There are 2 protein chains.
Amino acid sequence: MNLTARSSQDAASASVPAHDRVYRSLRTRIMHGEITPGAALTLRGIGREFEVSMTPAREAVRRLAAEGALFLSSSGRVSTPELSNERIEELAALRALLEVELASRALPRAHIALIDRLQMINTTVAEMVSKRDAVGYIRTNLEFHRTLYLRAQAPAMLAMAETVWLQLGPTMRALYGRLRRTDPPQNHRLIIAALKAGDEPGLRLAVRSDVTQGLRLLAG
Amino acid sequence: MNLTARSSQDAASASVPAHDRVYRSLRTRIMHGEITPGAALTLRGIGREFEVSMTPAREAVRRLAAEGALFLSSSGRVSTPELSNERIEELAALRALLEVELASRALPRAHIALIDRLQMINTTVAEMVSKRDAVGYIRTNLEFHRTLYLRAQAPAMLAMAETVWLQLGPTMRALYGRLRRTDPPQNHRLIIAALKAGDEPGLRLAVRSDVTQGLRLLAG
DNA sequence: GGGCGTGGTTTGTGATCACATGAGGGCATG
DNA sequence: CATGCCCTCATGTGATCACAAACCACGCCC
């Protein structure tokens, strides 16, 4: 039946299914803003790119659509979502709600090793900003947040926050691409300072500001 | 090729795809607690029940798994999730976080017609409680909450809340089945009273209590 | 020159099949 | 009688195919 692309399957398919590999690839690509909003995808195109048939491509797309990372038209066509301003504000509010809680839960568990790590990541964030690398910025910025929130020991809550990031991915890219700013991440420093001081109200405020500032300038 | 189950497809397939029909059926079934936690499902079994092949069944399952409504073992076996106590507490915290915000956003838009409607639904809730109809109780209880939150005009936030309900579905059933109580929904009345009075702090408190009380007795 | 129908072509949907894997039952053995 | 092993069957995965509908572009007509 199929003579090609067999060798790669023999070893890898059992350990990690093809649909999962496709899913993960597309997911990070979307979350990091590597795809512009409204871009069209096709099952056959995805299959061709990952050297799989339509079946795993379809499952990956279905999964991403369920998370809001992809938009399915009424006829089943696949594209990244184009968010309305109301939608963006709502997702920003969700980020604030979830991430303030996550940070708050992480605070009592945030030891010096974590803070050091956050500071190091923050250096990379500043570097990406100065290089005007939008995708790199989004990636390291999310890494900063995820590193902090992992300490909250709240996997379901973190998963929800990541779902929101995913939905905002393509839009974030378009947003930060438009944003010509070389400011270092000031709010990140406030977050780190609040963590060091064990200042919960300050931490909540800093996270809320960091999360909503970028999205605010679109609506404002 | 296939001679059976064709007539149903000719009319319905175009309007609503088979995988969507399967998805919706399973979704409400899970959300309303009609399936016990840990129950096993099979793609072929689902396909047989809905008179479709494995393909739409797989897509529906994949979608539900992405929402946390179903658990996929490492070998791909499908079952409803069995939640740990930590997980339940976390989901309860998420309900509180999201639904307090939704209620708060709905408050300024809550006119008398909505309150009347909530009171009517609440009558049905009390009826279900007195009949000890667990599934009916869960269904009407969620209808009460959804009716209120729809007024918040926050579709993304509502979708997240529904995802949490979905994850808690099977566990809720097991919980309320164990709970032998004939109390009328006291917190619902507090919610309605706060809505009437335009009392936002009271509303937030009432929603938080309503949402966490049921789940509390499991951990406590 | 512009609006509209009509063809081909691309696309998603669903069915079916081959295959590998893992779970569960039955049998033998201690 | 309990325990461990093996075999069988059920189950998920992925590929391929047939089909219908939607999209797009070309050309026609006004």
Side-chain angles (χ1 to χ4, degrees), chain A residues 1-26 35 38-66 69-82, chain B residues 1-26 35 38-66 69-82:
Chain A
M1 36 165 58
N2 58 347
L3 305 93
T4 66
R6 258 290 163 219
S7 56
S8 73
Q9 220 191 28
D10 287 331
S13 172
S15 56
V16 46
H19 65 84
D20 212 46
R21 183 169 53 89
V22 175
Y23 165 76
R24 279 189 230 274
S25 288
L26 290 177
I35 311 183
L41 298 178
T42 65
L43 298 182
R44 286 175 177 84
I46 294 169
R48 208 175 312 127
E49 176 180 351
F50 291 94
E51 294 184 333
V52 295
S53 78
M54 289 172 59
T55 311
R58 227 197 306 191
E59 298 191 36
V61 163
R62 212 42 88 194
R63 204 167 151 191
L64 289 164
L70 288 176
F71 170 75
L72 270 64
S73 83
S74 59
S75 68
R77 308 297 256 253
V78 188
S79 64
T80 47
E82 295 182 281
Chain B
M1 36 163 59
N2 58 344
L3 304 95
T4 65
R6 257 293 164 217
S7 56
S8 74
Q9 217 190 32
D10 287 331
S13 173
S15 56
V16 46
H19 66 83
D20 212 45
R21 182 169 53 89
V22 175
Y23 166 75
R24 278 190 232 274
S25 288
L26 290 178
I35 310 182
L41 298 177
T42 65
L43 298 182
R44 286 173 177 85
I46 294 168
R48 208 174 311 130
E49 177 180 351
F50 291 94
E51 293 185 335
V52 295
S53 78
M54 289 172 59
T55 311
R58 227 199 304 192
E59 297 191 36
V61 163
R62 209 46 87 190
R63 202 168 153 191
L64 288 164
L70 288 177
F71 171 73
L72 269 66
S73 82
S74 58
S75 67
R77 308 297 256 257
V78 188
S79 62
T80 49
E82 294 182 283

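In this text, all values refer to a predicted model and were calculated from it rather than measured experimentally. Within every chain, numbering begins at 1; the chains are lettered A, B, ... in the order of the sequence lines, protein sequences first and strands thereafter.
Annotation for B/A57 and B/G47: closest pair CB-N, 4.1 Å, computed over non-hydrogen atoms.
Among C/dG14, C/dG12, D/dT11, the nucleotide with an atom closest to any side-chain atom of A/T42 is C/dG12. Counting only heavy atoms from C-beta on, B/M54 has its side chain closest to D/dT13 among D/dT13, D/dG14, C/dG14.
Heavy-atom distances to DNA chain C give each of A/G45 and B/P56 a nearest nucleotide, and the one nearer the 5′ end belongs to A/G45. Mapping A/S73 and B/R44 onto DNA chain D by nearest heavy atom places B/R44 closer to the 5' end of the strand.
Taking CD of B/E59 as the reference point, atom CG of B/L64 lies at 12.0 Å (rounded to 0.5 Å). One distance of note links CZ of B/R21 with CD of B/E51; it measures 8.0 Å at 0.5 Å rounding. Atom NE2 of residue A/H19 and atom OG1 of residue A/T55 lie 11.0 Å apart, to the nearest 0.5 angstrom.
If you check distances only, the side chain of A/R58 never reaches the base of D/dG14 with a donor-acceptor pair under 3.5 Å.
When the C1' atom of C/dG12 is taken as reference, atom CG of A/L70 falls 15 Å away, rounded to whole Å. Atom pair B/R48:CZ and D/dA10:C1' shows a separation of 10 Å (rounding to whole Å applied). One atom, CD of A/E59, and another, P of C/dG14, lie 14 Å apart when rounded to the nearest Å. In this entry the distance linking CD of B/E51 with C1' of C/dG14 reads 15 Å, nearest Å. Here the C1' atom of nucleotide D/dT11 and the CG atom of B/L72 are 12 Å apart, to the nearest Å. Here the P atom of nucleotide D/dG14 and the OH atom of A/Y23 are 15 Å apart, to the nearest Å. Regarding A/L43, its CG atom lies at a distance of 15 Å from the P atom of D/dG14, rounded to whole Å.
Proximity of a side-chain donor or acceptor of A/T80 to a complementary backbone N or O of A/G38 within less than 3.5 Å is detected.
A/I46 comes within 4.0 angstrom of no nucleic acid atom, judged by non-hydrogen atoms across all strands. Residue A/T55 is classed as a base contact, given a heavy-atom separation below 4.0 Å to a base. If you check every strand for non-hydrogen atoms under 4.0 Å, B/R77 touches sugar and phosphate atoms only.
Distances shorter than 4.0 Å separate none of the side-chain N or O atoms of A/S75 from OP1 or OP2 on D/dA22. The side chain of A/R62 contributes an N or O atom lying less than 4.0 Å from OP1 or OP2 of C/dT13.
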